[in-house]
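Data block below; observations after.
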Number of protein chains: 2
Amino acid sequence: MPEPVETIGERLQSSFDALTRAERQLANAILENYPVSGLGSITTLAAHAKVSTPTVVRMVRKLGFPGFPQFQAALRRELEAKITNPIAKHDTWAENAPDGHILNRFTEAVIDNIHQTLAQIDPQSFDAACALLADPKRTVFVAGGRITRALSDYFYMHLQMIRRGVTSIESRSNSWPHSLLDMEAGDVLVIFDNRRYENSTIKLAELAREQGVKIILFTDQWRSPVSRCADLCFSSRIVVPSAWDSSVVIMLLLETMIAEVQKQTWDGTRERIEALEEVFDRTRFFRKFN
Amino acid sequence: MPEPVETIGERLQSSFDALTRAERQLANAILENYPVSGLGSITTLAAHAKVSTPTVVRMVRKLGFPGFPQFQAALRRELEAKITNPIAKHDTWAENAPDGHILNRFTEAVIDNIHQTLAQIDPQSFDAACALLADPKRTVFVAGGRITRALSDYFYMHLQMIRRGVTSIESRSNSWPHSLLDMEAGDVLVIFDNRRYENSTIKLAELAREQGVKIILFTDQWRSPVSRCADLCFSSRIVVPSAWDSSVVIMLLLETMIAEVQKQTWDGTRERIEALEEVFDRTRFFRKFN
DNA sequence: GTCATTCTGTATAGATAATTACAGACCTGC
DNA sequence: GCAGGTCTGTAATTATCTATACAGAATGAC
C-alpha cells in the first residue's frame with residue numbers, strides 16, 4: 001500500500017475550494033484543533049462544527065473515504081506516525097516553507113515583538129484607556145499621520161460602530177485646527193504616531209492638551225515626542241526584517257482595546273450594534289446562528 | 001473541576017500491580033503505542049490486546065472512569081494538550097496583568113491564529129504573489145471593502161512607495177468601474193475581503209478576471225466567494241475573543257509580502273525611495289532624528 | 001421574479017459499539 | 001482433589017453512533 005503523500009489536513013486545505021459552505025465550516029473545525037477534534041464521534045464533531053452529521057459524512061466521502069470510521073482510522077494512523085518521531089520544536093512557523101524563508105523570519109520577529117511589548121505594558125494604563133473610551137460623556141477624536149493613517153482609520157471605524165461621538169482627524173490636513181474648536185475639557189484624543197514623528201501631530205497634541213483633552217498615544221518603542229503630553233502611552237516594538245516597520249503589534253493592542261470597550265459599553269450600545277447587524281444580514285452571505 | 005495531575009499513562013503504570021493478568025496485558029497494549037492505540041473502538045482495542053471487551057471495561061473502571069467513552073475522552077484531552085504548540089500555550093503574555101485579563105486572552109488567540117494560518121499557507125503561492133507584485137511591467141490595483149479598507153490602504157501606501165504603477169480602488173464607491181477600463185491583461189488586482197463579503201467586491205473581481213487580470217486575494221478562514229476567481233488566495237484566521245474579527249494576521253502577511261517585494265525590487269526603486277525621502281525632508285513634515 | 005439545481009438539516013433505519021449477566025475457567029489453600 | 005474465591009470470556013442487551021432518505025431552504029440562471 002502506497003503511503004498517502006498528503007496528510008488529511010493538507011487534503012482538507014487543497015480541496016477546500018471544492019467544498020460547500022457547511023463543509024468548509026466543518027473543515028475549519030477539524031483544522032482548528034487538528035487532528036484531535038476528528039477523533040471523537042461523528043456526532044460530537046458535527047455538533048462542534050455546528051453542522052449536521054450527514055454533512056460530515058458527505059465531506060468525508062468527498063475526501064475519498066468510504067465512511068466516517070475509515071476517515072477516523074486514517075487520522076489515527078497519521079497521528080501515530082507523527083507521535084512516534086518526537087515532535088520537533090516549533091521554530092518554523094510556515095512548515096512548508098524552507099527555514100530561512102521570509103515568512104518564517106518575519107513571523108518570528110513579530111512574535112518576538114508581541115512578546116516584548118506585552119511584557120512591558122502596564123495593564124492599569126490599558127484599563128484606564130478603556131474606561132476613558134467607554135465613557136459616553138466624552139467625545140473621542142482619533143488622529144493618525146502618514147503611515148499610521150490606516151491604523152487610526154481602523155480604530156476609528158470600529159469605535160464609531162461601538163459608540164456615538166467619535167471623530168476622525170487627519171493630522172496632515174490643514175482642516176484639523178477646526179476639530180480643535182470642538183474639543184472640550186475631558187474629551188479624549190487618540191493619537192497614532194510612529195517614527196518618523198510628524199510635527200503636525202505634535203502640534204495637535206499640544207494644543208489639545210491645553211484645552212484639557214485627555215490624550216491616549218499609540219507609538220513605537222522609541223516613543224513619539226507626543227508622549228510628553230500624553231496621559232496614557234502605549235509603545236510597541238515595530239522592528240522586523242524589512243525596509244519598513246511593522247504595525248502588527250499596534251494593531252493587536254488596538255483590537256484588544258476595542259474588544260474591551262465594546263464589552264464595557266455593550267448595554268448602552270446593543271441596539272446600535274443590532275441595527276448594524278440587520279443591515280449586514282441583508283447581504284445573506286453568512287449563515288444565521290441562533 | 002480539579003485537573004488530573006497524572007496522565008493516564010502514568011496512572012496505568014502506577015496501578016499496574018493492582019491489575020489482573022488480562023488487564024496487564026491490556027495495559028501493555030495501550031502503553032505500547034500510547035495514546036493512539038486507545039483511541040479506536042473498545043472492540044479494536046480488546047482484539048489488539050487479545051483480551052475481551054469486558055476486560056477493557058473493568059480495567060477502565062479500576063482507573064476511575066465510569067465507562068470506556070469517558071476514558072477515551074480523557075485520552076483525547078491529554079493528547080490535545082500535548083500536541084498544541086507550546087508557544088501558543090504561553091498563557092500569560094502581559095505578565096503584569098491578571099491571568100484572565102483581556103490582554104492575555106486576546107493575545108493568546110492572535111498567536112494561535114498566526115500559528116494556524118502560517119501552518120496552512122502555501123509558500124509557493126506566496127512567492128508567486130511576490131513575483132507578480134515585483135514585476136514592473138504589471139500595473140497593480142489594490143481594492144478593499146468596508147472593514148478591509150484600512151488594510152488595503154496600508155498595503156497600497158507601502159507598495160506605492162516601492163514601485164510605480166499602483167492604484168487604489170474603493171470597492172464600495174461607484175467609481176471603480178472606471179478603474180476597470182485601465183486594467184490590461186497581465187495586470188494584478190489585490191483584493192481584501194473578509195466576512196461579511198461584499199457583493200461589489202465580488203463583481204469587481206469577476207469583471208477584472210474577464211479582462212485577464214491576475215487576482216491576489218487576502219481573505220478569512222471561510223474564504224470570500226472571490227476565491228473562486230482568484231489566482232492566488234491567502235486565508236487567515238481572524239477569530240478572537242471580541243465582538244469583532246481580528247486583522248492582525250492579515251496585516252502580518254501583507255507586511256511580509258511588502259518586505260519581500262521591496263527586497264526584490266530594491267535596485268530598481270532605490271532612487272524612488274531616496275527621492276521620496278528628500279521630498280519629505282523638504283516639506284519638513286517630519287522631524288529629523290539622527 | 002420564476003424555475004432548476006444544489007445544498008443542508010431532520011428523522012429514521014441500520015450498524016456498531018459499550019455494557020451487563022452469567023457461566024465456566026483458573027487459581028489457591030487446604 | 002475439592003471448596004472458595006477470583007478472574008475471564010461468551011452471549012445478550014442496551015446505548016450510541018453512522019448512514020440514508022427525503023423534504024425544505026438556499027442559490028444560481030434566465
Side-chain angles (χ1 to χ4, degrees), chain A residues 15-30 37-76 280-290, chain B residues 15-30 37-76 195-199 202-203 205-206 222-229:
Chain A
S15 48
F16 200 89
D17 293 330
L19 299 180
T20 64
R21 197 260 314 147
E23 286 167 352
R24 291 180 186 197
Q25 203 171 315
L26 171 62
N28 272 314
I30 294 175
S37 51
L39 292 173
S41 74
I42 194 174
T43 319
T44 321
L45 177 57
H48 185 249
K50 301 212 172 85
V51 299
S52 65
T53 54
T55 300
V56 180
V57 177
R58 283 188 284 257
M59 194 198 67
V60 161
R61 293 251 168 88
K62 270 193 189 169
L63 293 178
F65 298 96
F68 183 77
Q70 289 81 4
F71 165 78
Q72 208 171 47
L75 269 184
R76 273 198 300 273
F280 288 145
D281 280 346
R282 296 270 192 84
T283 64
R284 281 198 268 141
F285 268 118
F286 244 71
R287 166 204 282 240
K288 274 202 214 156
F289 286 101
N290 305 330
Chain B
S15 51
F16 200 84
D17 294 331
L19 300 180
T20 66
R21 198 257 316 143
E23 286 168 352
R24 291 179 187 198
Q25 201 173 316
L26 171 62
N28 274 319
I30 294 177
S37 53
L39 292 173
S41 74
I42 194 172
T43 320
T44 322
L45 177 58
H48 187 247
K50 302 214 170 79
V51 299
S52 67
T53 56
T55 299
V56 180
V57 177
R58 281 188 285 260
M59 194 199 67
V60 160
R61 294 252 167 88
K62 272 194 188 168
L63 293 178
F65 297 97
F68 184 76
Q70 289 79 6
F71 166 80
Q72 208 172 46
L75 269 183
R76 273 199 300 273
R195 69 174 179 182
R196 295 137 170 276
Y197 317 115
E198 298 180 26
N199 283 321
I202 297 158
K203 210 73 207 159
E206 282 167 354
W222 302 282
R223 301 196 183 204
S224 150
V226 172
S227 68
R228 281 200 296 270
C229 61

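On a predicted model such as this, the values are computed, not experimentally measured, just so you know. Chain identifiers are assigned alphabetically (A, B, ...) following the order of the sequence lines, protein sequences preceding nucleic acid strands; residue numbering begins at 1 within each chain.
- Of the two residues near DNA chain D, A:Thr44 and A:Arg61, the one whose nearest nucleotide lies more 5' is A:Thr44.
- In this structure, the side chain of B:Ser37 engages the main chain of B:Ile30 through a donor-acceptor pair within 3.5 Å.
- Closest-nucleotide positions on DNA chain D for B:Pro54 and A:Thr43 were compared, and the one nearer the 5' end corresponds to B:Pro54.
- Comparing C:dT10, D:dT8, C:dT20 by their closest approach to the side chain of B:Thr55 singles out D:dT8.
- Expressed to the nearest 0.5 Å, how far CZ of A:Phe16 lies from CG of A:Asn28 amounts to 4.5 Å.
- In this structure, B:Phe65 atom CZ and C:dA18 atom P are separated by 15 Å, rounded to whole Å.
- Checking side-chain atoms of B:Arg61 against main-chain N and O of B:Pro66 turns up a donor-acceptor pair under 3.5 Å.
- Protein atom CE of B:Met59 is 21 Å distant from nucleotide atom P of D:dT6, rounded to whole Å.
- B:Phe68 places its CZ atom 14 Å from the C1' atom of D:dC17, with the value rounded to the nearest Å.
- Residue A:Ile42 contributes atom CD1, which lies 8 Å from atom C1' of D:dA19 at whole-angstrom precision.
- In this structure, of C:dT8, D:dT18, D:dG9, it is C:dT8 that holds the atom nearest to the side chain of A:Arg58.
- If you check the side chains of B:Ser224 and B:Ser227, you find no donor sitting under 3.5 Å from an acceptor.
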